[in-house]
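All remarks here apply to the structure that follows.
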Amino acid sequence: MNRAVERRLDVLKSMEMGSIAVLFSGDLIKRSADSTYPFSVNRNFFYLTGLDEDSLILVLLKTQSGLKEFLFIKDDNPLMEKWVGKSIKSEEARTISGITQVLSLSAYESTLARTIDRNDLIHLYVDTERDSLNGRMMEGEAFGRKIHKLYPGLKVSNLNHRINELRCIKTPEEIDAIKQAIEITHKALENALSKLKAGRKEYEVVADFNHTLALENSDNAFDTIAASGENACTLHYVSNQKTLVDGELILLDLGATYHHYCADISRTFPINGKFTDRQKTFYSIVLEAQQAVFKAIKPGLSLGELNMVVKQIYAKSCVEAKIIEDASKIDTVYYHGVSHFLGLDTHDVGHIEGLSLKPGMVITVEPGLYSAIEGIGVRIEDDVLVTENGCEILSPQILKSIEDIENFMNQFKA
Ligand SMILES: [Mn+2]
């Protein structure tokens, strides 16, 4: 069965009897004059339909007479077709989503009003989330407020949590898509690395990475971080303006996408192709921490517990290497978590209170070590699938050992 069909059935099962859910793919957002920002589909909508187009609406209905699904798509517009091309047609939308009832957007408001009236509904579900109380309202929330005013008896609830729970566990197809994204990242990273040398700019490294992505018809999963020297101590450094200096390291945190699924990889390379002893010390400690986390991962653990594994290693190794004076100073050289979920979003859904690792979850493992005093920052990040007994590393092909990195870079030395 089409995965999107299964997912909608899961959502419908979780809905109360006498309820309707309305979800939006999202609109084109105006940038300036007649230009808009590139369209980015609402990931939950995409997850439930497989459709990637603006202005689509999904309606799920659960009543005593059964479960129903409707999809509303844009009306044919011959003039717009001449300018921007065709929008999705019913047959295609039906095939991709598995929704049989595909209707025209112009019928949406009347269909919705009639559906609410005729079925004596008591629940409306929307999909919305908030980062702050004053943040911009999502379409789902605005819609929920509007309908609640028109139908005060209708109780409005949020489906976001339920959909996010589903998204946490990846299907084999999703894992495969993440692997594809990782492979594109691998190729692009090696292209960038083959041209890495002192005197070039951080943004040129990004350009080399993006060149391969463009050839693979892929996008950046997030703004690439190309942080050389002390810039690596700024976790999300994305200005990428500095000239690369002989003897310094460059930290690259980057990822490609494949069918909206993201890769998220970090590597740290010596700009001249050879690590100094001190750089090797930093690198080896981070690698040791990463290996320890790989070994620790199993169902039932929390991301917080994985982070403790890193700190335990650092408490010993960083003091021995005199990176910090004592273990109480760890937070000055390591100030982020070791893992986040990965999927349709780079920082994927799953940060749900009390949620522990389960087979089928995909997470990053990315310990880092950043000494502003020494001007050295190292981060090593791979993507892993949580399995029944442990984990499978999804990015094993990406250069990582000191030896492999130096050998690879040596080939390109003039
Ligand atoms: Mn990451």
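Not measured: the values here are computed from a predicted model. Every number for a ligand or one of its atoms is a count from 1 in the order of the listing.
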Given side chains that start at C-beta, do those of K197 and L244 come closer than 4.5 Å, heavy atoms only?
-> no
Protein N/O/S atoms closer than 2.8 Å to the Mn ion (ligand 1), ordered by chain and number, come to D264 OD2, H340 NE2, E366 OE2, E381 OE2
For F72, what residues pass the ring-ring contact (aromatic ring centres under 6.0 Å, His included) criterion, not counting sequence neighbours?
-> Y108
Pair N191, H211: side-chain N/O donor-acceptor within cut-off below 3.5 Å = no
Please work out which of the three classes, parallel, tilted or perpendicular, describes the rings of H123 and Y125, given edges at 30° and 60°.
-> parallel
Distance-only donor-acceptor check, side chains N158 and T128, under 3.5 Å | no
State, without any angle test, whether D264 and T346 hold a side-chain donor-acceptor pair at a distance under 3.5 Å.
-> no
